[in-house]
Amino acid sequence: MTTPYKFAHDAFAAALQQTYSFLTDGEESGQSVRVAGRIILLRRQGKLAFATMRDSSGEIQLFALNGVAENFEEFSKLHLGDWVGVAGEVVRTKRGELSVKVASWERLAEALHNFGDKWAGIADFDLRYRHREADLWANETTRRSLQRRSEMVRSVRERCWAAGFMEVETPILNAIPTGAVARPFVTHFNALDSDFYLRIAPELWLKRLVVGGFERVFEVGRVFRNEGVSPRHNPEFTMLELYAAYWNYEDMMSFTEELVAGVAMDVLGTTEFEYQGRQLSLTTPWARRSMAELTSEALGDDLSVHTPRAVLVELLLERGVEVHASWGPGRCLAELFEVSCEPSLWDAIFVTEYPVEVSPLSRRHPRDPELTERFESYAATRELSNGFSELNDPVDQRSRFEEQARLGAAGDDEAMRIDEDYIKALEWGLPPTAGLGVGMDRLAMLIADEANIREVIAFPTLKPLRD
RNA sequence: GCGCCGGUAGCUCAAUUGGCAGAGCAUUUGACUCUUAAUCAACAGGUUCCGGGUUCAAGUCCCGGCCGGCGCACCA
């Protein structure tokens with residue numbers, strides 16, 4: 001069956017509801033409009049038919065009268081899910097529903113499959129994630145969450161541009177996976193007969209652009225990590241990474257809190273909102289507490305990166321954490337922080353002064369060379385961002401990479417590898433620079449009030465069906 | 001990867017102790033000139049996720065597999 005190749009429409013449901021709010025019950029406006037959308041409900045009553053149509057803006061009723069609407073019989077037999085284009089007068093029915101009184105209409109596409117229960121929608125996760133198109137049609141919350149994500153990304157971009165950052169793109173196919181601590185996906189480049197890795201972070205490329213003289217750069221892009229899936233992890237996810245020359249990590253914390261709070265304002269109109277039934281505050285300024293401080297507080301002990309390793313190990317073992325032989329005091333402190341503090345960090349907060357041992361790309365803290373000028377922000381018990389003053393000393397960077405390589409040799413398959421090109425870039429001179437990474441999916445979860453990361457990803461990674 | 005839970009009509013869900021596999025919505029047919037998840041009547045709709053096993057008898061019990069949810073691990 002041939003369907004139309006186009007339909008010229010001049011009105012949207014939501015705007016019509018607004019514009020014609022003055023119409024009284026049974027009143028006709030005399031104005032004709034052309035609307036298009038999808039039939040989501042249909043009620044026939046003899047020589048009348050009422051359809052609820054949804055377009056991208058909202059919903060409006062279509063009112064068809066036998067003898068007035070062309071092809072009335074066919075109209076009354078439309079299927080739920082069919083796309084239609086309708087021309088007719090804007091009226092309000094006797095029972096008070098704003099409607100387009102159908103004069104002429106066309107079916108733009110036919111829905112051959114059912115789109116879920118018109119009351120209960122679609123509940124089956126497998127079906128919802130594998131056929132998001134049906135989920136979007138059937139479930140309001142899915143539409144809302146993905147819409148909010150889109151608004152969030154837009155807000156992030158606009159705020160970065162407004163702050164003088166230049167948007168750039170860096171390679172996804174990488175000969176060496178680096179810039180983060182994670183296992184990569186491997187692929188093969190036939191023409192070069194070489195294995196390549198999907199990037200685990202764009203970090204080093206972006207800093208090379210700063211070396212080259214682009215003083216403020218950012219990238220919103222997909223990164224890939226070959227790890228387990230969970231309600232908070234998708235193997236491909238979206239990161240905002242941003243670098244500013246001449247800033248240190250404190251400047252970057254200020255920028256981060258303004259950015260995140262600003263995004264919440266743009267999308268939700270507030271920085272105080274409910275997340276999963278509990279009030280959450282992103283209002284600035286955020287608390288800034290050091291990792292050692294928070295951990296000491298939680299455990300009632302005076303702990304730091306200088307606490308004897310044996311003491312930290314003992315505390316970890318008491319909490320059921322398996323301690324690896326390669327962990328130094330820095331790693332132990334970080335692990336201790338994670339188990340004892342993380343679950344209680346609810347309102348937005350910066351955790352600062354990370355051990356150098358777990359921060360191979362961060363600049364050492366001037367007051368303590370075992371610490372770095374690094375922060376992570378937390379909200380709703382989850383890590384939201386990671387930032388630091390960038391290590392710009394090529395000699396120190398090489399020794400950090402070498403330490404990582406030792407860990408790799410000792411069996412840590414997530415340890416960083418030596419990136420000679422990056423060291424050479426540093427030898428050309430990286431000005432004092434601060435960097436930031438924000439997990440956009442995690443932020444979207446907060447903004448959309450979703451507990452599962454898949455709800456804010458249009459097409460989450462699923463195992464392919466076999467059998 | 002490990003543990004717990006789940007998978008029944010297109011969708012949402014029932015099915016007692018192991019005893020004829022059901023309802024609502026959607027689809028099809030009919031009635032109805034102001035409906036709002038319209039209503040009413042009727043028809044049709046099944047590899048109970050897949051493969052084995054136990055049993056007179058399996059949606060239900062056992063074993064294996066597939067997919068998903070949650071937790072753990074890994075991480076952001």
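What you see is a predicted model; the values in this text were computed from it and never measured. Below, chain A is the first sequence line, B the second, and so on; all start at residue 1.
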Would you say [X] has more than 12 foreign heavy atoms packed within less than 6.0 Å of its [atom1]?
X        : atom1 : value
A/His324 : NE2   : yes
A/Arg154 : CZ    : no
A/His9   : NE2   : yes

(message) Let's see if you get this right: which residues in residues 112-131 of chain A place a heavy atom under 4.0 Å from RNA chain B?
(response) A/Asn114, A/Gly116, A/Asp117, A/Lys118, A/Trp119, A/Ala120, A/Gly121, A/Ile122, A/Ala123, A/Asp124, A/Phe125, A/Asp126, A/Leu127, A/Tyr129, A/Arg130

(request) Answer yes or no: is there a side-chain heavy-atom contact under 4.5 Å between A/Thr170 and A/Arg199? (result) yes

Calculate the interatomic distance between [X] atom [atom1] and [N] atom [atom2]; express it in whole Å.
X        : N      : atom1 : atom2 : answer
A/Asn139 : B/rA37 : CG    : C1'   : 15 Å
A/Leu240 : B/rA76 : CG    : P     : 16 Å
A/Phe237 : B/rC74 : CZ    : C1'   : 13 Å
A/Glu59  : B/rA37 : CD    : C1'   : 12 Å
A/Arg183 : B/rC74 : CZ    : C1'   : 7 Å
A/Leu42  : B/rU39 : CG    : P     : 13 Å
A/Glu203 : B/rA76 : CD    : C1'   : 13 Å
A/Leu465 : B/rG65 : CG    : P     : 18 Å

Taking the minimum atom-to-atom distance to the side chain of [X], which one of [options] wins?
X        : options                : answer
A/Gln61  : B/rU36, B/rC34, B/rA38 : B/rU36
A/Arg44  : B/rU33, B/rC32, B/rC34 : B/rC32
A/His79  : B/rA76, B/rC70, B/rU28 : B/rU28
A/Arg43  : B/rA76, B/rU36, B/rC34 : B/rU36
A/Lys463 : B/rU33, B/rG68, B/rA73 : B/rG68
A/Glu97  : B/rU33, B/rU36, B/rC74 : B/rU36
A/Leu80  : B/rA38, B/rA26, B/rC34 : B/rA26
A/Lys47  : B/rA76, B/rG71, B/rU33 : B/rU33
A/Leu65  : B/rU33, B/rC72, B/rU36 : B/rU33

Under 4.0 Å, heavy atoms only, any strand: does [X] hit a base, just the sugar-phosphate, or nothing?
X        : value
A/Gly46  : base
A/Glu383 : sugar-phosphate
A/Leu48  : base
A/Asn226 : nothing
A/Pro460 : nothing
A/Leu384 : nothing
A/Val223 : nothing

What's the gap between [N] and [M] when it is taken at their [atom1] atoms, as a whole Å value?
N      : M      : atom1 : result
B/rG53 : B/rU12 : C1'   : 33 Å
B/rG6  : B/rG10 : P     : 23 Å
B/rC4  : B/rC11 : C1'   : 28 Å
B/rU55 : B/rG7  : C1'   : 24 Å
B/rA58 : B/rA23 : C1'   : 23 Å
B/rU54 : B/rC62 : C1'   : 7 Å
B/rG18 : B/rA57 : C1'   : 8 Å
B/rU16 : B/rU60 : P     : 12 Å

Distance check: side-chain N/O of [X] vs OP1/OP2 of [N], anything under 4.0 Å?
X        : N      : answer
A/Gln45  : B/rU33 : no
A/Arg454 : B/rG69 : yes
A/Asn452 : B/rC70 : yes

Applying a 3.5 Å limit to both distances, which nucleotide forms a Watson-Crick or G-U wobble pair with [N]?
N      : answer
B/rU54 : none
B/rC72 : B/rG1
B/rG46 : none
B/rC13 : B/rG22
B/rU39 : B/rA31

(request) Before giving the answer on side-chain contact (heavy atoms from CB on, under 4.5 Å), spell out for A/Leu361 and A/Phe401 the whole-Å C-alpha distance, their side-chain angles and the decisive distance to 0.1 Å. (result) CA-CA 9 Å; A/Leu361 300 169; A/Phe401 276 148; 4.2 Å; yes

(message) Ring centres under 6.0 Å, that's the criterion: do A/Phe165 and A/Phe255 meet it?
(response) yes

(message) Distance to the ring centre below 6.0 angstrom and angle to the axis at most 45 degrees; does that hold for A/Arg38 and A/Phe115?
(response) yes

(request) Would you mind checking if A/Arg143 and A/Glu140 are paired as a salt bridge, meaning a charged N to carboxylate O distance below 4.0 Å? (result) yes

(message) Pairing donors with acceptors under 3.5 angstrom, does anything connect the side chains of A/Asp135 and A/Thr142?
(response) yes

(message) Is it true that A/Asp55 and A/Ser57 share a donor-acceptor pair across their side chains at a distance under 3.5 Å?
(response) yes

(message) Quick one: does any side-chain atom of A/Arg225 pair with a main-chain N or O of A/Ala180 as donor and acceptor, under 3.5 Å?
(response) no

(request) Name the residue closer to the 5' end of RNA chain B, choosing between A/Thr461 and A/Arg382 according to the nucleotide with the nearest heavy atom. (result) A/Thr461

